[in-house]
Amino acid sequence: CGGELFRRQDDMPETIMKRLEVFRQQTAGLLDYYERQGKLVHVDAGGAREDTLAAALRILAERNF
């Protein structure tokens with residue numbers, strides 16, 4: 001639009017890195033908990049969207065969700 005670009009404080013790389021670190025610290029315990037219960041499922045989302053969706057739906061169907 002040609003307008004002046006404003007950068008918010010939460011858009012700064014340092015802020016984003018801090019948020020990711022806090023997320024990892026606060027989530028690690030939950031991931032371990034559900035992994036031990038056999039309830040955590042990993043889905044490779046590195047491919048095409050359709051492949052990721054198909055993999056997730058297959059897992060849900062196998063687990064009768």
(message) Using the side-chain hydrogen bond (donor to acceptor under 3.5 Å, both in side chains) definition, which of the options R19, K18, Q25 pairs with E21?
(response) Q25

(request) Give me the other members of the hydrophobic cluster that V43 sits in, counting Ile, Leu, Val, Met, Phe, Trp and Tyr linked by side-chain heavy atoms under 4.5 Å, directly or via other members. (result) V41, I59

(message) Could you report the tightest heavy-atom contact between T52 and D44, atom names first, then the distance?
(response) OG1-O, 3.6 Å

(request) Just jot down the side chain to side chain contact (heavy atoms under 4.5 Å, CB included) partners of E4, sequence neighbours excluded, or say none. (result) F6

(message) For the CD atom of E14 and the CD atom of Q9, what is their distance to the nearest 0.5 Å?
(response) 8.0 Å

(request) Please go through L30's hydrophobic cluster and name the other residues, only I, L, V, M, F, W, Y counting, with side-chain heavy atoms under 4.5 Å joining them. (result) L31, Y33, Y34, L40

(request) For R63, look at atom CZ and say whether over 12 heavy atoms of other residues, nucleotides or ligands are found less than 6.0 Å away. (result) yes

